[in-house]
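Values below: every heavy atom of this structure, side chains too, minus hydrogens, waters and symmetry copies. Counting starts at 1 for both ligands and their atoms, in listed order.
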Amino acid sequence: MARPLVTADDVAGPGEPVLPEGAILTPMARDVLRRRGLAPELLRRAPAPAPVTAAGPVAATPPAARRLVVANWKSYKTVAEALAFARELGERAPRGRAQAVVCPPFTALVALGPPLRGLAELGAQDVSAHDEGPHTGEVAARHLVELGCRFAIVGHSERRAAGETDALVRAKVRAALRGGLDPILCVGETKDERKGGRTQVVVSDQLRAALEGLEPAVVPRVVVAYEPRWAIGQGVTPTPLEVADVLAHVRGVVDRLAGAAAAGATAVLYGGSVSEKNAAALLGLPGCAGALVGGASLKAAAFAQILEAA
Ligand code: PGA
């Protein structure tokens, strides 16, 4: 039987936590305990099936859901290059159980629909906060749905770095949902925020800003992607236990915002330097419902390998 994972959220509450038999403490859980003046090694151990928190049992991948592996092509690939990718992916016919999603530049969406049918869903890399109107350059949810998009990435850190605020991210999440798209909401901390021990606060604030006030029944349409900003495009990732910690934290925050049923049904992905080499370790983590992949999704061979590992 897998040993239960105890995350920072599990040990943050009042009182002295009792650890289940065989528990593995994540690094952030150890930090929280030390900050509370509790020595992780000396805590009482109790035989229990799983660590239970105020937010419910430690995250488990939603049972019925297929894992999502999302390709974010950013500002790469012309239509011709996108079609060549689709051809090669089709030839490789990846056999994993995961659901592939390809988010190309807007300009390649029309062309990619037919060749990706049966291979991958289509997603956009952004969506307007407006349904329509005098907003030059904006692409609205209804335009994307018309092209066969099912998803839209919202609040990617590269857009936040270009000035996108929490308020705009919130408006885009709502516009996507209204227009029939499932938003892929990106959250994550900078290097300095992590060093300062602020990862959980930053992630909580971003989630609250985007999700607070949504009908609980709607919340599971939002796919959350935890993307530490310092890991994106850098070839480095947090350790699997650090990732598991934040994924569990995300689920705990969704629980507090929308209840346990919504939290259990919400897919939480990891993104940031996912490659064919680390995909199996990251995607196999408890509570990990898939991956958001940038650089490694540009090559059909690497993307197919990640799909097979998922
Ligand atoms: P990366 O990008 O996989 O190249 O780190 C991930 C992302 O930006 O979504």
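Between Leu83 and Leu112 the shortest heavy-atom distance is N-CD2, 4.5 Å. Scanning all heavy atoms of the two residues, the minimum distance from Leu185 to Ala210 falls at CD2-CB, 3.6 Å. Minimum heavy-atom separation, Cys103 to Ala124: SG-O, 4.0 Å.
Near Ile232, meaning under 4.0 Å from any of its heavy atoms, are these atoms of ligand 1: 2 (O), 5 (O), 8 (O). Close approach of ligand 1 to Leu292 (heavy-atom distance below 4.0 Å) involves ligand atoms 9 (O). Atoms of ligand 1 found under 4.0 Å from any heavy atom of Gly295 (numbered from 1 in listed order, with element): 1 (P), 3 (O), 4 (O). Against a heavy-atom cut-off of under 4.0 Å, His156 is close to the following atoms of ligand 1: 7 (C), 8 (O), 9 (O). Counting atoms of ligand 1 from 1 in the listed order, those under 4.0 Å from a heavy atom of Gly272 are 5 (O). Listed by atom number, the atoms of ligand 1 under 4.0 Å from Ser273 heavy atoms are 1 (P), 3 (O), 5 (O).
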- [ ] Would you check, one step at a time, whether the test salt bridge (charged side-chain N to carboxylate O under 4.0 Å, His left out) holds for Lys172 with Glu164?
- [x] CA-CA 10 Å; Lys172 287 184 173 188; Glu164 202 156 290; 2.9 Å; yes

Open item on the list: Quick one, Arg92 with Glu88, criterion salt bridge (charged side-chain N to carboxylate O under 4.0 Å, His left out). Give me CA distance, side-chain angles, the key distance, then yes/no.
Closed with: CA-CA 6 Å; Arg92 291 179 181 273; Glu88 194 183 335; 3.0 Å; yes

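Here atom 5 (O) of ligand 1 lies nearest to Gly233 when heavy atoms of Ser297, Gly233, Cys103 are compared.
A distance-only check finds a donor-acceptor pair linking the side chain of Gln125 to the backbone of Pro104 [under 3.5 Å].
With a 6.0 Å radius and a threshold of 12 heavy atoms from other residues, nucleotides or ligands, Arg174 has its CZ atom above the threshold. Annotation for Arg142: atom CZ does not count as buried by contact number, only 12 or fewer foreign heavy atoms lying within 6.0 Å.
Once rounded to the nearest 0.5 Å, the distance linking OH of Tyr226 with CG of Leu269 reads 13.5 Å.
For the pair Lys74 and ligand 1, a heavy-atom separation below 4.0 Å is found. Ligand 1 lies out of reach of Ala296, whose nearest heavy atom is not under 4.0 Å from it. By the 4.0 Å heavy-atom criterion, Gly271 is excluded from the residues contacting ligand 1.
Here the protein heavy atom with the shortest distance to atom 9 (O) of ligand 1 is Glu227 OE2, 2.7 Å. In this structure, atom 3 (O) of ligand 1 lies nearest to the protein heavy atom Gly294 N, 2.8 Å.
Contacts between Asn72 and ligand 1 below 4.0 angstrom, taking non-hydrogen atoms only, involve the side chain exclusively.
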